2 protein chains.
Amino acid sequence: MPVTLQDIARDTKVSVVTVSKVLRNQGRISAATRQRVLRRARQLNYQPNWIARSLVTRKTFAIGLLLPDFTHPFFAEIAKAAAEALRPKGYHLVISYFEEDPEIEKSEVESLVARQVDGLILASAQPPEKADLFRSLRSRKVPLVLIDRPGDDGKCSFVGSDNEAIGILATSHLVACGCRKIAHLRGPKVGIAAARFTGYRKALKKHGLDYCPKYVVNGSYEDSRGYEVMKQLLSIEAMPDGVFCYNDPVAIGAINAIREAGLRIPEDIAVVGAGNVHYSDVLAIPLTTIDQGTQEIGHQAADLLLRQIGAPRLLRPTEILIEPKLVIRESTNRARMKN
Amino acid sequence: MPVTLQDIARDTKVSVVTVSKVLRNQGRISAATRQRVLRRARQLNYQPNWIARSLVTRKTFAIGLLLPDFTHPFFAEIAKAAAEALRPKGYHLVISYFEEDPEIEKSEVESLVARQVDGLILASAQPPEKADLFRSLRSRKVPLVLIDRPGDDGKCSFVGSDNEAIGILATSHLVACGCRKIAHLRGPKVGIAAARFTGYRKALKKHGLDYCPKYVVNGSYEDSRGYEVMKQLLSIEAMPDGVFCYNDPVAIGAINAIREAGLRIPEDIAVVGAGNVHYSDVLAIPLTTIDQGTQEIGHQAADLLLRQIGAPRLLRPTEILIEPKLVIRESTNRARMKN
DNA sequence: CTGAAAGCGCTAACAC
DNA sequence: GTGTTAGCGCTTTCAG
């Protein structure tokens, strides 16, 4: 039903090949036929079938972007930046998400690859010990850039943050604000959460504070969980006076729990998040956080992937770490603040 | 380089067709060959080329979702809901966005169609007088569901909110809160903003309040613009005591402007948004807003589109309006509140 | 400058 | 049960 090259060829009495060439501005074509073809194409409102084209050129100009959750503003901002970097080069983003479920992640990756995307940008939730997905991708030579969460033992290009630095930055800031009993709402067990946790411990140590396991609670990456988990923390004796939260949504949840308990922020408990998500400055208590440079991550990932796609052969994996920056707002603005 | 049906056929000494049938569980195949084929496919880690398949079946199982901005939580939530509704039926979402630019919108639509998506869900920014995009889509029989912003004169299926009702609900609530000088931060000139504006005027009239043009300022849909525009409003004499904002981000911007001016919310000025976006309850001043049922919009749009795709011939356009609901929070919680 | 031939990887329709 | 033939809409190659 749709208009094809055939139709135009028939009507203008030239071959399909010629039409194809005209429409792609390729090869020598006489001005006369070029006009005729172009005119007819316009009349018929011809639209090329990229599927057919892709089958022969083996290029789809589509990049798969696979995220844990695109409702999360952190990832949404990355997606936007990536799309912006890709668009001018004629590439499109096929976005998908897998709700932090490694199995869905796998099947989504396969779908994207089956759709013949030219490359993949992935914020993976594969557990560190399971490298089969990456191995399979590598063996099939699918251009891949991991973002936010490293994986595959550095055998794959990566763009993200220095998570240990984030942990250090956040925790040191809390110390500088006068906090002495600093808690940490850990993220899920992926490497990234571990690195932030390490940073947290290193900072404590550096400032001569004891690491106290009861101040570390586990496994959250969204506000609802942050809320619950913070409630737990509030119920222990010797309540913390500062909390470093895995990310901004968790911090938002934590803030809600703290206020609900009738405590003041930052006087009773200071709170630091991570991500510097777009709305974190208009919250009930504007949130001190670590900016991870979402824009930068999106851009760099896109650029890196494109370079990989354009390269004649496999490039050796590159790792790009975006420098985290402390953004100080009300949630840690104590009178006795020194930093 | 990738494994094809050919490879498996050669190795197992059957025809390509047989392999194809085995892999799709179709037609009668002897248990013996089935096993052989399956085993070889697994050994080779065969992955079907959907591009090739699509070319012949004329189905891609991809749905295009085109949004003004997927960083906006309102649309992100719709996207998520749509993806969830589509996934179990084997469909994927190809998400793209156009930054409220009608020209980019057009070109993105064409890309998506060129990629042979099976249908399109679109929150369009085409100006009402320009129906050529819709006309072109209609003539090509591309299954299309408009969301959030109606268009094409009801010739196209639509899922969204009753925007006049939103305007009435929000404005009436402000009246009930004791506001008498109610301003409106209008959205951009699309039909939806006009409808909310109409609702605003109707509600004023119903409650015996005069409509006063100076209280209506124009053209914003994001927080930064909401901030600027609210500042303007604050500079006029006889400042408003209530504001109905086009959407939640605009309201957030407005709130910032109001606080910055040293005024109190809701005592000096009460604020109502629209959208009930995920973070609107954790803001500096939790925002009274109109819930538009984003989940519902996403689901319904997906279902409707699927029904359209499955139908033997063109269905007549359906319009689904989700009932807006008032969500009362702090930003309108005045002592003298009566509603 | 133009076109005939071949084929991308797969499936539909029909033989055998 | 299995294979043959044909073709989806397009581009590539190469001969004229």
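Reckoned from all heavy atoms, side chains included, excluding hydrogens, waters and symmetry mates. Being a predicted model, the structure only gives us computed values, none of them experimental. Numbered from 1 within each chain, the chains take letters A, B, ... in sequence-line order.
With a 6.0 Å cutoff to the six-membered ring centre and a 45° limit on the axis angle, A:R149 does not count as a cation-pi contact of A:F74.
Applying side chain to side chain contact (heavy atoms under 4.5 Å, CB included) to B:E105 and the options B:E100, B:Q126, B:E110 leaves one that passes, B:Q126.
Near DNA chain D, meaning a heavy atom under 4.0 Å away, there are no residues from residues 111-120 of chain A. DNA chain C is contacted by A:I29, A:S30, A:T33 of residues 29-40 of chain A, taking any non-hydrogen atom closer than 4.0 Å.
Crowding of A:K59 atom NZ: a count of heavy atoms from other residues, nucleotides or ligands under 6.0 Å exceeding 12. For B:K155, the NZ atom sits in a packed shell: over 12 heavy atoms of surrounding residues, nucleotides or ligands are nearer than 6.0 Å. In the displayed structure, A:R39 atom CZ is contacted under 6.0 Å by at most 12 heavy atoms of other residues, nucleotides or ligands. Atom CD of A:Q6 sits in a sparse spot, with 12 or fewer heavy atoms from other residues, nucleotides or ligands closer than 6.0 Å.
Interatomic distance, B:S139 OG to A:N45 CG, rounded to the nearest 0.5 Å: 6.5 Å. Between the CG atom in A:L137 and the CG atom in A:L122 there is a gap of 8.0 Å [rounded to 0.5 Å]. With rounding to the nearest 0.5 angstrom, the CG atom of B:L120 is 8.0 Å from the CG atom of B:L305.
The nucleotide range of DNA chain C contacted by chain B, defined by atoms under 4.0 angstrom from heavy atoms of the protein and reported 5' to 3', is C:dG9 to C:dA13.
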- Message: Run the ring-ring contact (aromatic ring centres under 6.0 Å, His included) test on A:Y97 and A:F70 for me, step by step, so that the C-alpha distance in whole Å, both residues' side-chain angles and the decisive distance to 0.1 Å come before the verdict.
- Response: CA-CA 7 Å; A:Y97 77 105; A:F70 53 54; 4.7 Å; yes
- Message: Show, in sequence, the C-alpha distance, side-chain angles and deciding distance for A:D148 and A:I192, and conclude whether the side-chain contact (heavy atoms from CB on, under 4.5 Å) test is met.
- Response: CA-CA 8 Å; A:D148 188 44; A:I192 174 174; 3.6 Å; yes
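In terms of the side chain to side chain donor-acceptor pair (under 3.5 Å) criterion, residue partners of B:S136 (sequence neighbours excluded) are, by chain and number, B:R140.
Below 30°, between 30° and 60°, or above 60°: for A:H92 and A:W50 the angle between ring planes is above 60°, a perpendicular geometry.
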Heteroatom pairs (N/O) under 3.5 angstrom, protein to nucleotides 6-10 of chain D:
unit_1, atom_1, unit_2, atom_2, d
D:dC8, O3', B:R58, NH2, 2.6
D:dG9, OP1, B:R58, NH1, 3.4
D:dG9, OP1, B:R58, NH2, 2.2
D:dG9, N2, A:A52, O, 3.4
D:dC10, OP1, A:Y46, OH, 2.4
D:dC10, OP1, A:N49, N, 3.3
D:dC10, OP2, A:L5, N, 2.6

For nucleotides 13-16 of chain D, tabulate all protein N/O to nucleotide N/O atom pairs closer than 3.5 Å, reporting atom names and distance.
none

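For A:D118 (side chain) and A:I63 (main-chain N/O), no donor-acceptor pair under 3.5 Å exists by modelled atom type.
With salt bridges taken as basic N to acidic carboxylate O contacts below 4.0 Å, none links B:K80 and A:E99.
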